[in-house]
Structure formats: structure tokens, C-alpha cells
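For reference, the structure is listed below as C-alpha cells.
Order of the sequence lines fixes the chain letters, A, B, ..., with proteins taken first and strands second; residue numbering starts at 1 for each chain.
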2 protein chains.
Amino acid sequence: MLSYTEENYLKAIYHLAQGGTKAVLTNEIAEMLNTKAASVTDMIKKLSGKNFISYEKYYGVKMTRQGKSEALSIIRKHRLWETFLVQKLQFNWDEVHDIAEQLEHIQSPLLIEKLDAFLNYPKADPHGEPIPDRNGKVQVQAHGCLHEQTLGYKGCIVAVKDSDATLLKYLNKIGATPGKKIELLNKEAYDESLEVLVENKKLSLSKPVAQNILVSLTTR
Amino acid sequence: MLSYTEENYLKAIYHLAQGGTKAVLTNEIAEMLNTKAASVTDMIKKLSGKNFISYEKYYGVKMTRQGKSEALSIIRKHRLWETFLVQKLQFNWDEVHDIAEQLEHIQSPLLIEKLDAFLNYPKADPHGEPIPDRNGKVQVQAHGCLHEQTLGYKGCIVAVKDSDATLLKYLNKIGATPGKKIELLNKEAYDESLEVLVENKKLSLSKPVAQNILVSLTTR
DNA sequence: ATATTTTTTTAGACCAGTCTAAACTTTTAT
DNA sequence: ATAAAAGTTTAGACTGGTCTAAAAAAATAT
Ligand SMILES: [Mn+2]
Ligand SMILES: [Mn+2]
Ligand SMILES: [Mn+2]
Ligand SMILES: [Mn+2]
């Protein structure tokens, strides 16, 4: 059984590796977890000793199959709890991330199964992020970063990065939430801000905002 | 803010002190928490340093007002979560204690308020134990241990100690659950077992079972 | 009243997780 | 090709929580 801390490291590495594929560097992990590189090196050794990651000194870590599966189970719990908090307890979508950060560590497979059933097997959390099923399968809607789309792009908002409450409050205020139609009208060369149409309302989004919005891609 | 471990100690001491009044001995705490007396002494020093308990060397500890209030807040969380698990997630009453033991440590006052509202401000948990309100007030129904009642006693089952799942399964099977009417017909001198009438059904309860059942007392 | 038993505390060690400072590798610049 | 800079690991220390073994105090028995 993993400790609270081990679980947080594993999840951070998984996210930094973009689904567990890319190699992840010590300093990236340190920054994400607000800790120091020396601490990360220690934990890396422990997690690779338990075969959740593979580690090549000075060149970072990669997740193993086992590591990915463990990370996905934590992410599943996190997103189910976020859904519960918004749908059943009437929390705002910007208030749930930190609480889910704690709840994701509760140990009880039965609890998660029952929670899933209670919520009617949701496919996505309140921020649009997909909820892995009990076997770690993720229903991935093809998506890309809004900031990287070309002029004239048309699609809809799939998800939003959820760790910053002020961003979520702002997006909620201007109406840029998952599911909404979005069109890219213009890119400002000077500050890379975007002019977009969200459900027929014209909006201007700064670069840091656009980087945290994921939009649908039609695979063809 | 208290650590996970500090919270567990504080709750254990509160229960051993029967509502925070009686003095509690080092070994009692050690036994309840499955730890060693030496560890308890260390923690006692820490908690008394933070003014949650007052400590007289070799003579045990007493809870302070601050300590009681903190313990009651943890107990409130524990019992609200148990209620949630049974009422909303369809758990059996014998499955919830260990999960609530984890959930009680989640830090978010707003979460508990919202959970309380979602459950419609329940007065008692699934085992009949009263749920303290947000100010730590406990609605105490006058009660006593079934094992200590005199022959001919009539009343109803108020609550049941919840930490042993096999006891709960058994009580559920024989129909001795909170709310049920109960009458004490006979005491067997040899093994102190009781013959009782639960909702007009005759049952025999052994001493250890009767000691874990709380029954109503009419204050007169 | 003294000796024995029981309970509690202290001393010293260990593990998980963290940190700073120093040493070592790799990358980048010249 | 060499020097400087950046990133990573190691060494050693610290905290919170735990343990065993030994010392000290309190309760009990004679
Ligand atoms: Mn989240
Ligand atoms: Mn977390
Ligand atoms: Mn309980
Ligand atoms: Mn607990």
C-alpha cells in the first residue's frame, strides 16, 4: 500500500509525463509539488524500488505499466470526488480541487465503486476532464490547447485545468466553460492574446488563460 | 492545525474519558490505539503543550475545554460520514466505521456544513450515536448499558458500539437495532447472559453483547 | 514498614519525509 | 576544447511518530 506522499508523487509524475509517456525531470517534479530537488531524488529511488517508475540517474524517470495504473486509480478517485462535491453538495467548480486532493487518498475500493454508482457513472469531472474507469481506461475526446489552434478554428471547450481557483472563477464569469462552442477569430501578435467567439459572444483571452483551455479536435 | 495522529489520540482520549470528564491513564490510551505506553507518553506531552489536555505525571490526563471541542468536531465528522455512507451510498451499518475513521480527518469546514445539509441535519448516526452540532452540542438521550439494567427493565435500544463489524452483523441478524423496544426478562447467574424481549421476540444475549448495547432511561 | 508487582517515564534508536550545503554530471557558451 | 552555468545527487541534519530496554514512581502484598 502506498503512502499519502507516494501517491501524490506518482500522480504528479503521471501528469508531467502527459499520460505516462514522456520522461520527467527531477526539477519539474520538485516545482509541481513545492518541494526541493533533493527530496524528489529520495522519493524517486523509493518509487523505482517499488517498480512504479524506471529511473536513469541524471536523465529523469518514466512511469511503468504498474505506475500508470496506480496513478490512474488516484486520478479516478480525485475526479469522482470532484463530481460528487459539485453535483451533490452544491460546491462551485472552483472550490473542489483542494478538497479532492485530500479525498483521493481515502483507501476503500468499495467506496469508490459505490460513489461511482451514486453519481451514475459520470464520464467527466466538473472541469471536463475524463474520469478513468475502474480498469484505468480513459475515454479520450481528441483535444488540443486553445492557444495552439490556428485562425478560424471552430470546436468546443472540452476541459479546463482545475488547480487555480481564480482562473475557474474568471472562466465561469465570462461563460467559457466545458461544452460551450468556441471559435478563434484573431491572434494579437504583441501579447499572443486571442479574440474568440464563445456561444456567439465575442471575448478576448490572454495567453495564460488560453493555455489552460482544452478544445475539441475533429480527427479526420 | 492538528495532524492525523494527534486527532486520533484526542478522539480516543475523549471516548475513554466518557465525554471528557474522567481522567485517562496512559495504558488505556495505548491499548485503544494499539500502540505502546512510551509512544503515548510522548504524544501526551505534545497535546498538553498545545493545551488540548492537562497532564499530571503518573496520574493520567484530563481534557481541556479546547480539547473537548476539538474531539467533538472530529466525532461530528465521523458520524456524519457514517450516515452518508449508509443513507446515500447504501453501505451496511457494519461496513462504515473503518472508512469514516479515514474520512473524519478531511480538513474543510465548508465540506462538513454542506454534508450536514445534504443529509438533512441528522441527529444520530446509523448506530444510534448522537451527532454533535457545529458548536459541539450533543443531544443526549438519557441512556445506560443494557447489561447493568435491573430485571423487568422496559425501554428501547438507543445505540450500539460500532467498532466491531461482527457484532453489528450479528445484531442486525437478530433484529436488535437502535429504535427497537426491548424488555429485560431474566439474568442467568452463571454466565451473566440475558433473556430479553425485542419487539415481542424472545432472545438470549451473552454478557459481552449486552455490554455493547445502550438502552434508554426515563429520567424521573 | 518493607518488599514485590504494576504502571509510567526516560533514554536511545529507527523510519518516512523533508531540508541545506557540497559534490558531481550534463549542458551551454565561448 | 575549455570554462561557466544549470541540473542532479549525496551527505548529513532535523521533525513527527514509533519502538525496546532500562529507570523511576505508585500501588499492592506481606
Ligand atoms: Mn482537480
Ligand atoms: Mn493529493
Ligand atoms: Mn464509527
Ligand atoms: Mn481516524
Sole residue of B/D116, B/D125, B/L119 in side chain to side chain contact (heavy atoms under 4.5 Å, CB included) with B/F84 =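 By the side chain to side chain contact (heavy atoms under 4.5 Å, CB included) criterion, B/F84 pairs with just one of B/D116, B/D125, B/L119: B/L119.
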
Using the side chain to side chain contact (heavy atoms under 4.5 Å, CB included) rule, pick out the option among B/T41, B/V40, B/T35 that qualifies with B/I29.
->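 It is B/V40; the other options fail the test.
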
Kindly point out which of [options] is positioned nearest to the side chain of [X]?
{"X": "A/T35", "options": "C/dT26, C/dT8, C/dC19", "answer": "C/dC19"}
{"X": "B/K45", "options": "C/dT20, C/dT10, D/dA25", "answer": "C/dT10"}
{"X": "B/D42", "options": "D/dT9, D/dT18, C/dT8", "answer": "D/dT18"}
{"X": "A/A38", "options": "C/dT8, D/dC19, C/dC19", "answer": "C/dC19"}
{"X": "A/T5", "options": "D/dA11, C/dT9, C/dT18", "answer": "C/dT18"}
{"X": "B/L25", "options": "D/dT8, C/dT8, C/dT20", "answer": "C/dT8"}

OP1 or OP2 of [N] less than 4.0 angstrom from a side-chain nitrogen or oxygen of [X], does that happen here?
{"X": "B/N27", "N": "C/dT6", "result": "no"}
{"X": "A/S39", "N": "C/dT18", "result": "no"}
{"X": "B/K36", "N": "D/dT20", "result": "yes"}

In whole angstrom, what separates A/Y59's OH from D/dT8's P?
->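 Atom-to-atom, A/Y59 to D/dT8, this comes out as 11 Å.
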
Determine the contact category for B/T41: base if any of its heavy atoms lies under 4.0 Å from a base atom, sugar-phosphate if only primed atoms, P, OP1 or OP2 are that close, otherwise nothing.
->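 It contacts base atoms.
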
Mind checking B/Y9 for me? I need base, sugar-phosphate or nothing, with any heavy atom below 4.0 Å counting as a touch.
->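 Since only primed, P, OP1 and OP2 atoms lie under 4.0 Å of B/Y9, the category is sugar-phosphate.
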
Under 6.0 Å from the six-membered ring centre of A/F118 and within 45° of its axis: does the NZ or CZ of B/K88 meet both?
->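 Relative to the ring axis of A/F118, which defines the angle, B/K88 lies outside at least one limit.
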
Would you mind telling me which of A/E70, A/E6, A/E101 makes a side-chain hydrogen bond (donor to acceptor under 3.5 Å, both in side chains) with A/K11?
->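 Exactly one option meets the side-chain hydrogen bond (donor to acceptor under 3.5 Å, both in side chains) with A/K11, and it is A/E101.
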
